[in-house]
Amino acid sequence: MSAPAGQDQGGAPLLDVHGLTVEYATGRGNLRAVDGASFAIAPGRALGIVGESGSGKSTVAMTLLDLLGPEAGMSAERFTFEGEDLLDPVAARRKALRGHRIAMVFQDPGSALNPAIQVGRQIAEPLIRHRGMTQTQAAARVQELLAEVGIPRPADVAAAYPHQLSGGMKQRALIATALGCEPRLMVLDEPTTALDVTIEAQILDLLEQLRGKHDLSILFVSHNLGVIERVCDDVCVLYAGRVVEQGAAAQVFAAPAHPYTRGLLGSLPRPSAQRLSRLTPIPGRLPDLTRAPAGCIFAERCEHAEAGCGKPQEPRALADGRTVRCWKAEAIAAGAPPTQAMAEAPPDAGPAAAGAPGTTDAGALIAVDAVGKTFRLGGMLAGLRFDFSGGFPLRTDPPKVRAVDGVSLRVRPGEVVGLVGESGCGKSTLGRLILRLIEPSDGRIAIDGHDVTGASVAALRPVRRLAQMVFQNPDSSLNPRQTIGQIVRRPLELFGIARGAEAQAKVVELLGMVRLAPEYAQRYPHQLSGGEKQRVSIARALATSPKFIVLDEATSALDVSVQAAILNLLADLRDRLGVAYLLISHDLSVIAHLADRVAVMYRGAVVEEGPSAQVLAPPYHPYTEALLSAVPVVGLKDRAAQRVRLKGALIGGGAVRGCRFADRCPRRIGPICDTETPPVVEPAPGHRIACHLPLEALRAVPPVFGAAAPHA
Amino acid sequence: MSGAPASPPTSPAANGTANGAANGALRRRRLPRQLVIGGTIVGAIVLLAILAPWIAPYSYDAFDIPNRLKGPSAANWLGTDEFGRDVLSRVMVGAGLSLSMGFGATAISLAFGVPLGLMAAYFRGLAEEAIMRTIDVLISVPPIMLGLLVLAVSDPSLWKTMLAVGIIYVPIMTRLSRSVALGLMEEEFIQAARARGAGARWILFHELLPNAWPPIIVESSLRVTFAILLASALSFLGLGPQPPSSDWGLMIAEARQFLDDAPWIAMGPGIALCVLLIGINLVGDGLREVLDPRLKKRGAA
Amino acid sequence: MIGYLIQRLLTVAGILVVMSLLVFGITQVMPGSVAHMILGEFATNDQIAALEQTLGLNDPWHVQYWRWASGFLVGDFGQSLTMQRPIAPLILDALGRSAALAGLSFGFVAVIGLWLGILGAVKAGRFTDHALAIGQYFFIAVPEFFWCIVLIMLFATTLGWLPATGYAPMSDGFWRWLSHMVLPVGTLVTGLIAHVSRLTRSAMLEVLQSTYVSAARAKGLPERTVLWRHALPNALLPAITVLAVDVGILFGGIVVVEVVFAYPGLGRMIVYAIENKDLPLMQAGVLIVTAIYTMANLVADLLYAWANPRIRYGRSVA
Amino acid sequence: MSHKISRPGFPLSGAIGRRTLLGGAAALGAAATLPMPYLSAARAQGAGRPLRIAVGSNLSTLDPARATNGEQYIYCQLVYNGLTKMSHDLKVEPDLAERWQANNDLTSWTFFLRRGVKFHNGREVEAEDVVATFRRILDPATGAAPRTNYLMIKEMVAVDKYTVRFDLSMPYGGFADIMIDRQVKITPRDQVASLATAPIGTGPFKFKSYTPGDRLVLEKNPDYFVPGEALLDGVELRIIPEMTVRLNALQAGDVDFVWDAPPEAVERLRANNRLKVNSIATASWDGLILNNAIPPFNDVRVRRALHLAVGKADIVQAVLFGQGEPTHSPIPPSHPYFDRSIPVTRSDPAAARRLLQQAGMGNGVRAPLVVPVGRPVRERLGVSIAQIARAAGFNFEIQRVPFGRYSAEVSGKAPAYVDGYFARPTLDTATYQFYHSTGSWNERLWHYKSERCDRVLDEARRTADDAKLKDLYGQFQRIVAEDVPSYLAYSVSFIEAHTTALKNFRSHPMRWIELRGVSLG
């Protein structure tokens, strides 16, 4: 067994774990969540633990601080921190380190802060406990810490309750808490997953800066390969509780030696990639961890599997210092880098490719004109209602939120329009407005030439056939009380498309379209995996042979390997059926991968719109530029440091004067941004940017992804 | 709740994999212990109540003056009351009354409360305001007061007590089914149904209702307990079934006359009532464990 | 917070107005004539008609309602038909005694119930927890009216330690007063303690599984601090709601307990009024109980709001 | 058994003694209350402690004129005085009136008041107070229950400060007797308005406070006009609705006295050597009141069938545990005029069925049967009748109605309901108003109309001869037994239990509590 990565950086490792195993007793036997994991972190180094859901990566993090419940059984061959053996007696020693020499930052800042205690007090607690500070000393130190993590008004924030802070602020406060006692090791469990991409970038910058300043060692747990690459020196790839590959991040990402690592990288959509490229998803699903296979745990999903994989795979050191659990590692590492293979271009690449996209109604399948939606908060008696969202609670005039503010958009037949923006920008509302799930407050929407804005329920029915929707959450988008067959069949019956045996046959056909076997018709949603559920959602949407489907974050809840398969499926369906999509996502990579045209939304309005290639290259709207800069992309690590960063966070709410992006804009010109509605400039036909900056200035911005796409 | 491993905090997609599916199947096979014990108790009492006319050793209202106020014996296992009536037979027949009041009242509250709650959640707006404000008023009267008031207007009987108790719990059912339905309305499969243009009736009864049942059933089992308690308290106060009925609340009320000489008259129905309520509570907890999605999630690996 | 208070008070006022209409309406449809009640068995129809005239019983209902409701507002609850005396002092006396019973009971329920609930959650899965659970199942299931009979038999008749019933005013001496309170309070609290502790336990368990409790542990705080400073305040929020619900159950118990223990409180007075068709007394009693119950809910809401920083403090800051 | 009553200043003799309802009952009562050997007092009974009496219901009013229940009668007896009073052996004795006389045709009665008697507020009792009291009682607006007994009063005159004269519209021999009645207590004419809240009387005890639902507190009237009769320091009527609780409280020593104990408790209470139990025959009766004006009981055959169906001996056993005796009319078995020739039936469902068939009700009779809530013995009577009568085809559906709602909803309206009446002061007051077609109670109860009966009762009112009177009331009983206006089940034995510390106490057959001369030892 080779020395784990990190030791070659010299000196004794800060943390050295060998053969870590965590088991849960279940009704069906022991579930081995972590199986013989070994890793080490040298002082000042950052180790990333990456894996998909169910890989056991968070369990590893929790084990370090002994935060697993009593029902978890933990054992290890070696477990030392700063040379101190933590195994005997296990719990007491590790508990003593908590918050003091090892600190932890949790995934969801919203739930990791106690809602009943002021933020400052929560940060002060470990200071008082471990540093023996008085209340006053601690309070002063809290302010320093808050300032250090980049919080502008530390005193106010210290006195605030968690709900009064934005997600990014909360995560900064949690980092400040972790930093308080000057720990040697900081464990971060998906610290940016719950945050928007621009905030994520801020937090990652902050971590980078703090790490250098405090000589911190970091254990960083994430599912996001891009984030891991940005933050970590070393990486540890976890699959089904086992470390399948570990080594220096640069090596692992450049030339993955384990088929799983390779599969992960191949599944990643990249903002820089071309439309029509194909992802390489990993087939199959995670094995049952209560009865793990005798041989290689990845064998049944592995494209390189062959006879020799029936043996148990032990970690094996490669010549470059990596450790891999695969006997074919060298051969795999030597293979071509896992970029996307270009799909054979279908005969007709879709109408979107032809002709310049325009705003003319001619041929537009979906025509959205100056549509707006104002939500009233509270009910009919809102004046007598308490409004939990804050502010002065007694409202005689119900508070309003302008979620969508005069958006115009065209989707042409067979075209994929990507709608991107951060949470709260109104993109989902817009999707629902188009399908009339929400009544628009103003503006006009036409589907296939039918004005649906004021249409009655009856008049809407034929249009409903044309336009369907696929939702984000596979767990909630299927009625758990109906079989898959019933779910897919229902629209057929509702629109009188097919009945009886005919419908039965049609269901099988639809399931086939989304690559599900006919026997799935008998199953219930809870028997399906997330990816399968999402396929069923798509099949249901396809049942009425729609011309247009709204995909509302349809892949966001899926693991990257599953997402890749769904994205491929969507691309195929578009090509085969000529369906148009409105692809709503916060993930620029997904949008870039699939969309013909992209609309970037900010605070209820589209700030930039145009063909994908043009939106992803200068001239950018400053917000688009910031978004692109923020996205962590594997293989573009160096880009990060020099890129624009947004201040603060998106604030939703009332009417806007001037440019809606003015308060966060890194390229703000002056007062004009606050007072005047920005003009729309059109650097190329069909590419529109709403900004006060002169077009020349916008053109002068260097491309975020460099001159050429990284893998192209 | 405990026992099963706490899932490592991961994305929601983690569930619903092979483990999740297998767990679901497993769960259906092994019922919680409370459910088994409680079900046995309630089942036995229901069976006794149904069979009482045939298996009760005596008629519930037959006098036997010479043998009055006799303690438990081979002839009268639970003794006899002031008229020489057999307490065991009365308790057995009375079980039917308590059960029918508890379940009847709950059924009434379900029959009114659930549709109201679902409608409030589905239609929102004015309908919701009208329903919920009415409910606010009803719920601000302490249950027993509402019962006393309803029964003050008319002469008491089994049916009226059942109705009164049922009405008392309508607001709770309405609130519960509304909040459940509101949660479900956010669920994407409802949105999907609306997106394909499904009608209100379909959505209410095919999409909403089947999914709203679990929490409603759990709450109902709790309501049955409270309904039996309240109904028997009302009949204890004389506002329930009338003599010579052997309703347990009434029996206990009548037995108070003879507590010193013949405590068994009160003990029979009193202990029966406690056992029944414990049984229903156990069933309720068992159902909660099986049906409550929150507990389920916690239990699923 | 002040806005919230105003809004809640307005709601309460609205509820009371509707309730007063309801109570008034119910008494309007109740069979039997008020004048007949006053005049007694030997009244002639002429006398009844004459009295109805003087009492204004022939006025339109809204006139009668306004007369009654406006009197209520200035503390004039009218005259009891059967007792021939003003209702206000009667009810206030009874209310005071009921309040003593309710207050004492509620105090015990809140303190012991919460404490046992926390204990159960902390010792989850262990012997203490199981013992508590069994106790909870049992005591929730014993109806008050049966429980008080058992207690009387045990403590008054058999052991003779406590007076079987009745009420001794404080002026008879504190210990005498207390000795009369023990059994009624004991009857009232057992079921509610079981109820509260059970719900507190589950609330506490839920909080103990939250991320912020893990986070507090990760900070290296001792378990005691985690429990009392981090978990408890959050578990108390749902407990407040539970306690508010239990006030309603407590009212039901009080009626039964007052009747059985011959405790001269408001509950028994209302039962008396209903049994004897003493409409003004009944109206006043029911309305006052409703008002108190609504106020209790209001207090619970305010307490909830006060204990919940989300409501106490608005948003913003950063 | 018969005895004469000496009446100071009253010139008449003869039958008047028999007019008092209970007749020989006095002897029975005396037998039952022979002083039992005093056992050592279990508890030290400190002087200055009030006598605590446990009663079952609230006093719904403190106005004596409007009293309707036993608890109020107790209160009336303790706080007030009438013109005359009735001793334990049923002699009519002077009370506020020290003597009285009637003219020869019994139409004008003059009462001479005792001088110097003071109300509790210190004012002297005057003839005008008596006149005002009776004016109130006669005023229908007052709602005095026995008002109809005094309707023969034509005129009242306060002759002087201490003399009052009643002129009657008809001869009435028992006028001084009915002055003992519970509601006709002399109240101060200037304090009428506050009678319900701050009552003032002349009795041995003064009103101190009343907490509805809890207790009525009376304190000793040190200025009581008969020295040495107000011995107790005070009296508290503790209102404890639960019978069990009352008995427990007595056994635990929390109260000293339980008024109207249930028959089933007699044995157990007697076993307690700290307690004394009195059981005394009374003229109080319970029965099932049948409405003769509406179906199904407007048919005499149906009423007779019911009597055949439910044997009264069975009822006495089932309901009273033997503590009572079957009866046919308000004239109790303890009275010398009671007609023992009328047979007491045993349950005979077959005969009852035959009679029902004749009445065309072969399929059975269906009727609601109202029983009073809070009167357990009467409730038991209803349940027993319903159960026993079922064999004969009577399907009674029992409805419990609070006793307080009887007068408004039940009395005289329901087809069948259980009720009972306390002993009236005289035979006439116990029968005339109940069975005469013009009788006030008749229309409140059973709506019975019989010319034969009217004639007999009218005749009896005018008769002063003992033998003739006995014959007339015998006729009356036979008529009633034949027409069976209602099912009068039994005369109740009245049971009281009290601590042995109570000295010189005797149960009163009129069921009120006489505490004059009684002390706590």
Side-chain angles (χ1 to χ4, degrees), chain A residues 24-28 31 33 53-54 56-59 62 68-69 71-72 106-108 189-190 223 285-290 379-381 432 435 437 457 460-461 464 468-469 471-481 490-491 494-495 526-530 533 537 540 544 557-559 562, chain B residues 2-27 29-30 124-130 132-133 183-184 186-200 202 206-214 293 296-297 299-301:
Chain A
Y24 294 99
T26 72
R28 293 167 302 131
L31 186 149
S53 21
K57 57 187 187 299
S58 287
T59 308
M62 304 285 265
L68 295 172
E71 61 273 13
F106 290 82
Q107 169 171 2
D108 180 6
D189 183 8
E190 303 260 15
H223 70 285
R285 46 160 75 158
L286 208 63
D288 182 351
L289 294 181
T290 54
M380 303 292 282
L381 301 177
R432 278 155 211 248
L435 294 186
L437 287 177
V457 174
L460 216 52
R461 276 193 63 148
R464 292 245 188 251
Q468 286 292 318
M469 185 154 182
F471 295 89
Q472 167 174 7
N473 192 343
D475 289 325
S476 91
S477 58
L478 304 179
N479 187 337
R481 307 271 149 188
R490 180 63 200 156
L494 187 69
F495 290 101
H526 72 264
Q527 296 169 296
L528 271 55
S529 71
K533 283 184 217 176
S537 288
R540 175 176 61 187
T544 60
L558 305 174
D559 273 322
V562 180
Chain B
S2 58
S7 145
T10 48
S11 72
N15 303 328
T17 54
N19 301 339
N23 255 359
L26 195 80
R27 196 166 295 282
R29 261 186 286 124
R30 253 203 358 211
R124 311 300 303 266
L126 209 60
E128 182 182 27
E129 289 293 331
M132 296 323 289
R133 287 325 120 219
L184 286 172
E186 298 298 310
E187 295 275 321
E188 289 167 346
F189 67 89
I190 303 282
Q191 299 284 325
R194 292 183 57 213
R196 68 169 182 259
W202 173 274
H206 288 84
E207 307 277 354
L208 267 182
L209 198 54
N211 290 292
W213 273 129
K296 206 176 198 170
K297 200 166 270 172

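Protein chains get the first letters and strands the later ones, always in sequence-line order, with residue 1 at the start of each. The model shown is predicted, which means the values in this text are computed figures rather than measured ones.
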Of A:R461, A:M469, A:R432, the largest count of non-hydrogen pairs under 4.5 angstrom with chain B goes to A:R432
Looking only at A:L437, A:V562, A:L478, most heavy-atom pairs under 4.5 Å shared with chain B are made by A:L437
Contacting moiety of B:W213, where chain A heavy atoms sit under 4.5 Å: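 No part of B:W213 comes within 4.5 Å of chain A.
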Turns out that what part of A:F106 lies under 4.5 Å from chain B's heavy atoms comes down to neither
So, the part of A:L494 with a heavy atom under 4.5 Å from chain B: the answer is side chain
Please determine whether side chain to side chain contact (heavy atoms under 4.5 Å, CB included) holds for the pair A:R540 and A:R490, giving the CA-CA distance in whole Å, both sets of side-chain angles, and the decisive distance to 0.1 Å.
CA-CA 8 Å; A:R540 175 176 61 187; A:R490 180 63 200 156; over 6 Å; no
Taking every heavy atom of A:T544 against every heavy atom of A:P491, the minimum-distance pair comes out as CG2-CB, 3.9 Å
Minimal heavy-atom distance between B:L184 and B:I190, with the atoms involved, is O-CG1, 3.1 Å
Would you say A:R481's side chain and B:L208's backbone share a donor-acceptor pair under 3.5 angstrom? no
Taking B:E188's backbone N and O only, do any of them form a donor-acceptor pair with A:S477's side chain (distance below 3.5 Å, no angle check)?
no
Given B:E207, B:R196, B:E187, B:M132, the one with more heavy-atom pairs under 4.5 angstrom with chain A than any other is B:R196
